[in-house]
Structures are given as C-alpha cells and as structure tokens.
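Only one structure is covered here, and it is reproduced in the block below.
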Amino acid sequence: MTNYVLIQPVPEGDGARCGYILNYGQSFKLCAGLSLESSFPQHAAYRMRDDFPDSTSLHEVLYNLDSQLIVNEKARAFLDAERVQHIEYLPVRVLNHKDREPQERYFIANMLPLVDCIDLEKTEHEENLLDPDELMNIRNLTVDENKIPADFQLLRLKAVSGAMLIHRDLAAKLKAAGFRGFSTPEVAEYQGN
C-alpha cells in the first residue's frame, strides 16, 4: 500500500457546487506551485452554480470546476494543527445563488512548490507537444514516494499539476474529523490531463 492518495473536491448530497474562479484572469497560476500571496486579488470569488439551485450546503472542502482545494476556516485550522507545511492560504469569496456572501471564510490551499515525483516508467502517458513540462492522456499514474520530501503531507505534482496528493494518514484524520466535500481515490485512479 502506498503512503499517498489523491485528494479531489467532490459534490456530496446538497453540498454547494461552484463554477470557475471569478475576478482572476490568471487562474492557471493556481496549479503552478508558485507563491501568489502578494498578487492574489481580494475580490476573487467562487459562485454557486445556477444549474444546481438546491446545492447550497457549505462543506469543509468546497466543490468547484477548477478542481482547486478550497477549505473553510475549520479545515484550515485542522491542517495547521497537523503542521501541514508548504501551503499558503489564499482568501477567496464564496457567493451563493443570490450573490450573497456567507459568514464562513474560505481559502484556496495553494501547494508549493510542485513536487517532481512521477514514475515515468510505470505511468502510461503521452508527451504534450504544446507544453513539454506537462504530461497528457495519463493512465495508471504512479509516483515514486522516495522523491517526495518527508515534510510534504499535501502536494501538487509537477508534470500533472491537476493531481493533488495527500498523505494517507492525514486523509484518514480528515475523514475521522467528519470533514465533507472531498474523496481520496488511489493515485492510479487519476483521470485528467
């Protein structure tokens, strides 16, 4: 058994389903493993999707079409208490269907830097001719855990920046704490890029 699994925001029950980020034209930077603390706009927001009018519950992890890890204050405090490093929290507004903002605050967990740990021999993929730094048509994503520094419990992969990993023990603690809005499939189950 591997020590890491994927972490993916998922819609659960009546959990809010948000669209793409608003008021931030450089959203690609959210997957680049770069510090954005000094440049991230205060008015960046995620709005609940009109095509899911009954999906309004705000879970600890907020589902969004950007597949960003958006956590509320409680989840952030939990991650801080677990001493999760290499994360900067970017405040982001959440708007309901009537463009009202709830009292609860949310943050994009920006993981930095990207970690170069993909086992290219075991991962089936194609080269991306437009961006040689990113893989495409990935099947059986496999990581070499020896290349993951010991102090990374939550990370984003270099060359597959859409994939976020969480240490299996930390994922179990989040689930035991009752946090909602995310799933933790095995790394080989990754679908994307």
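Below, all heavy atoms of this structure are taken into account, side chains as well, without hydrogens, waters or symmetry copies.
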Can you give me every donor-acceptor pair (side chain of residues 7-19, partner residue at least two apart or in another chain, under 3.5 Å) with its distance?
from, atom 1, to, atom 2, distance (Å)
Glu12, OE2, Gly181, N, 3.1
Asp14, OD1, Ser57, OG, 2.9
Asp14, OD2, Ser57, OG, 2.9

Enumerate donor-acceptor pairs with a distance under 3.5 Å from any side-chain N or O in residues 29-43 to protein atoms, sequence neighbours excluded.
from, atom 1, to, atom 2, distance (Å)
Lys29, NZ, Gln26, OE1, 3.2
Ser35, OG, Glu88, OE1, 2.9

Passes side-chain contact (heavy atoms from CB on, under 4.5 Å), Arg49 versus Leu65? Steps please.
CA-CA 10 Å; Arg49 293 172 52 188; Leu65 293 179; 3.5 Å; yes
Walk me through whether Leu174 and Phe78 qualify under side-chain contact (heavy atoms from CB on, under 4.5 Å).
CA-CA 8 Å; Leu174 284 168; Phe78 183 90; 3.5 Å; yes
Determine, stepwise, if the pair Met111 / Met164 fulfils side-chain contact (heavy atoms from CB on, under 4.5 Å).
CA-CA 9 Å; Met111 299 163 220; Met164 299 177 289; 3.3 Å; yes
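No side-chain donor from either of Asn140 and Glu124 sits under 3.5 Å from a side-chain acceptor of the other. Of the N and O atoms on the side chains of Asn72 and Glu60, not one donor lies less than 3.5 Å from an acceptor on the other residue. A donor and an acceptor atom, one from each side chain of Glu126 and Asn137, are located under 3.5 Å apart.
With hydrogens and angles ignored, the 3.5 Å screen pairs no side-chain donor or acceptor of Thr184 with any backbone N or O of Ala171. Between the side chain of His97 and the backbone N or O of Phe52 there is at least one donor-acceptor pair closer than 3.5 Å. A donor-acceptor pair under 3.5 Å is absent between the side-chain atoms of His59 and the main chain of Val61, judged by distance alone. Counting only distance, with no hydrogens or angles, the side chain of Arg105 and the backbone of Gln103 share no donor-acceptor pair below 3.5 Å. Judged by distance alone, the side chain of Asp144 and the main-chain N or O of Asn146 form a donor-acceptor pair under 3.5 Å. Remark: the backbone N or O of Pro185 is not paired with any side-chain donor or acceptor of Ser183 at under 3.5 angstrom. Judged purely by atom type and a 3.5 angstrom limit, Asp119 has no side-chain atom pairing as donor or acceptor with the backbone of Cys117. Judged by distance alone, with hydrogens and angles left aside, the side-chain atoms of Asn128 form no donor-acceptor pair with the main-chain N or O of Pro132 at under 3.5 Å. For the pair Arg156 (side chain) and Ser161 (backbone), a donor-acceptor distance under 3.5 Å is present.
In this structure, His167 NE2 and Ile148 CD1 are separated by 8.5 Å, a value rounded to the nearest 0.5 Å. In this structure, the separation between CG on Leu155 and CG on Leu114 is 9.5 Å, given to the nearest 0.5 Å. With rounding to the nearest 0.5 angstrom, the CD1 atom of Ile87 is 12.5 Å from the CD1 atom of Ile108. Between the OH atom in Tyr46 and the CD1 atom in Ile70 there is a gap of 4.5 Å [rounded to 0.5 Å]. Rounded to the nearest 0.5 Å, atoms CG (Asp131) and CE (Met136) are 10.5 Å apart.
Among all heavy-atom pairs drawn from Thr123 and Thr142, the shortest one is OG1-N, 2.9 Å. Of all non-hydrogen atoms in Ala44 and Asn23, the two that sit nearest each other are CA-CB, 4.1 Å.
Under the 4.5 Å side-chain heavy-atom criterion for Ile, Leu, Val, Met, Phe, Trp and Tyr, Tyr4 and Ile166 are members of distinct hydrophobic clusters. Put simply, Leu58 and Val71 are part of two different groups of oily side chains (I, L, V, M, F, W, Y) that touch within less than 4.5 Å, one to the next. Two different hydrophobic clusters hold Val5 and Tyr190 under the rule that ILVMFWY side chains link at heavy-atom gaps under 4.5 Å. Residues Leu69 and Val84 share a hydrophobic cluster, clusters being chains of Ile/Leu/Val/Met/Phe/Trp/Tyr side chains in contact below 4.5 Å. Tracing side-chain contacts under 4.5 Å through hydrophobic residues (I, L, V, M, F, W, Y), one never reaches Val92 starting from Phe107; they form parts of separate clusters.
Ring orientation note: the planes of His86 and Phe152 are close to parallel, at an angle under 30° on the 30°/60° scale.
Looking at Leu170 and Glu82, their side chains come closer than 4.5 Å, going by heavy atoms from C-beta outward. In this structure the side chain of Leu165 reaches within 4.5 angstrom of the side chain of Leu157, judged on heavy atoms. With contacts defined as side-chain heavy-atom distances shorter than 4.5 Å, the pair Glu145/Thr2 qualifies. Residues Phe179 and Lys74 have side chains in contact (heavy-atom distance under 4.5 Å, counting atoms from C-beta outward). No side-chain heavy atom of Asn64 sits less than 4.5 Å from a side-chain heavy atom of Tyr20. The shortest side-chain heavy-atom distance between Leu120 and His125 falls under the 4.5 Å cut-off.
Under a 4.0 Å N-O distance rule, the pair Asp99/Arg47 qualifies as a salt bridge.
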